[in-house]
Amino acid sequence: MALIKSVRGATPQYGPNCWFADNATVVGEVIMGDYCTVWFNAVVRGDVNTIQMGDYVNIQDGAVIHCTYQKTKTIIGNHVSIAHNAIVHGCTIEDKVLIGMGAIVMDGVHVGTGSIIAAGAVVTQGKIIPPGTIWAGNPAKYLKDVTPDLGEVFMRTANNYVMYAGWFKEENTI
């Protein structure tokens, strides 16, 4: 069973269709919408500030979502995928965004709707990522615009993770 824990009087809140892997950790002032999933070894740590997520957010295996004490909250929109081993810290991520595997998004960053942060990218503190763009590298730099065919990846990935969670719900009904 996932570790869902209150800290400093704040208890995580989440929609009725959310799913948490057995060893996922969600603590403190975390507010999630509906159809969110938190996968194996992922940590959503709202102990020092607020973490707020919309609907259809997937926090994949080993990812860490955190914020900065008395400084930066983490706000994540709808249909956002945070890929394996990514770190999202004290930033704002708008709707329909993909944060790639192993990417790091630092304090004060604002990622616009429909953007992609490539695998392994490091988005440094305070960077503004315009809507519909792809950023890659360390430090992350603009690569190109998201094309319409690539743009469908946001909804497909978000919906797939709800489907994957359903597999685990079905297998563990004993």
Side-chain angles (χ1 to χ4, degrees), residues 2-4 12-15 17-21 23-68 72-125 127 129 131-136 138 140 146 150-165 168:
L3 175 62
I4 299 175
Q13 301 171 36
Y14 48 91
N17 295 305
C18 291
W19 178 83
F20 307 98
N23 60 353
T25 301
V26 181
V27 298
E29 195 171 347
V30 175
I31 303 163
M32 293 183 191
D34 209 358
Y35 294 101
C36 294
T37 58
V38 182
W39 290 83
F40 300 98
N41 290 321
V43 176
V44 181
R45 205 177 114 208
D47 57 344
V48 299
N49 214 323
T50 303
I51 297 172
Q52 183 177 338
M53 298 180 208
D55 299 328
Y56 292 90
V57 175
N58 58 86
I59 309 300
Q60 297 172 21
D61 311 71
V64 175
I65 313 299
H66 197 228
C67 33
T68 302
T72 55
K73 299 176 180 185
T74 297
I75 300 170
I76 300 172
N78 299 305
H79 299 97
V80 173
S81 296
I82 311 290
H84 314 290
N85 291 316
I87 299 171
V88 172
H89 200 279
C91 58
T92 298
I93 299 172
E94 293 184 357
D95 297 339
K96 298 179 183 174
V97 169
L98 173 62
I99 306 296
M101 292 183 281
I104 299 172
V105 182
M106 296 299 298
D107 287 14
V109 169
H110 191 110
V111 180
T113 296
S115 293
I116 296 173
I117 306 301
V122 177
V123 184
T124 54
Q125 187 172 352
K127 184 65 97 178
I129 306 299
T133 58
I134 301 173
W135 289 63
N138 180 4
V146 175
L150 187 56
E152 67 90 25
V153 73
F154 306 113
M155 298 300 284
R156 184 184 74 232
T157 304
N159 289 328
N160 281 352
Y161 270 85
V162 172
M163 178 180 67
Y164 304 154
F168 287 90

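The first residue in the sequence is number 1, and the count goes up from there. Please read these numbers as outputs of a predicted model, since none were measured by experiment.
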Worksheet item: Around Y14, counting heavy atoms of other residues, nucleotides and ligands shown, do more than 12 lie under 6.0 Å from its OH?
Response: no

Worksheet item: Quick one: does D34's side chain have a donor or acceptor within less than 3.5 Å of a partner on D55's backbone?
Response: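 No, the answer is negative, given that no donor and acceptor are paired below the 3.5 Å cut-off.
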
Item to complete: Without swapping roles, check the side chain of S115 against the backbone of I134 for a donor-acceptor pair under 3.5 Å.
Response: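 Pair absent, no side-chain N/O of S115 close to backbone of I134.
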
Taking atom [atom1] of [X] and atom [atom2] of [Y], what is their separation to the nearest 0.5 Å?
X: I93; Y: L98; atom1: CD1; atom2: CG; value: 10.0 Å
X: N58; Y: N160; atom1: CG; atom2: CG; value: 9.0 Å
X: E29; Y: T74; atom1: CD; atom2: OG1; value: 11.5 Å
X: I75; Y: I31; atom1: CD1; atom2: CD1; value: 10.0 Å
X: T37; Y: N17; atom1: OG1; atom2: CG; value: 12.0 Å
X: M101; Y: N85; atom1: CE; atom2: CG; value: 9.5 Å

Do [X] and [Y] come within less than 4.5 Å of each other through their side chains, counting heavy atoms only?
X: C67; Y: I51; result: yes
X: V48; Y: H66; result: yes
X: H89; Y: T68; result: yes
X: I59; Y: V26; result: no
X: I129; Y: V105; result: no

Of all heavy-atom pairs between [X] and [Y], which one has the smallest distance, and what is that distance?
X: A103; Y: I117; value: CB-CG2, 4.0 Å
X: Y56; Y: A158; value: O-CB, 3.6 Å
X: M106; Y: T124; value: CB-C, 4.1 Å
X: A2; Y: F20; value: CB-CB, 3.5 Å
X: G100; Y: A86; value: O-CB, 3.7 Å
X: V27; Y: V30; value: O-CG2, 3.2 Å

Item to complete: State whether a side-chain donor-acceptor pair under 3.5 Å links H79 with D95.
Response: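 No.
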
Discussion item. Looking only at the side chains, is there a donor atom on one of N23 and N41 sitting less than 3.5 Å from an acceptor on the other?
Written reply: yes

Worksheet item: When you look at V111 and V123, which way does the side-chain contact (heavy atoms from CB on, under 4.5 Å) test go after all the steps?
Response: CA-CA 10 Å; V111 180; V123 184; 5.7 Å; no

Discussion item. Could you walk me through whether Y161 and W39 satisfy the ring-ring contact (aromatic ring centres under 6.0 Å, His included) test, starting with their C-alpha distance in whole Å, then the side-chain angles of each, then the deciding distance to 0.1 Å, before giving a yes or no?
Written reply: CA-CA 10 Å; Y161 270 85; W39 290 83; 5.4 Å; yes

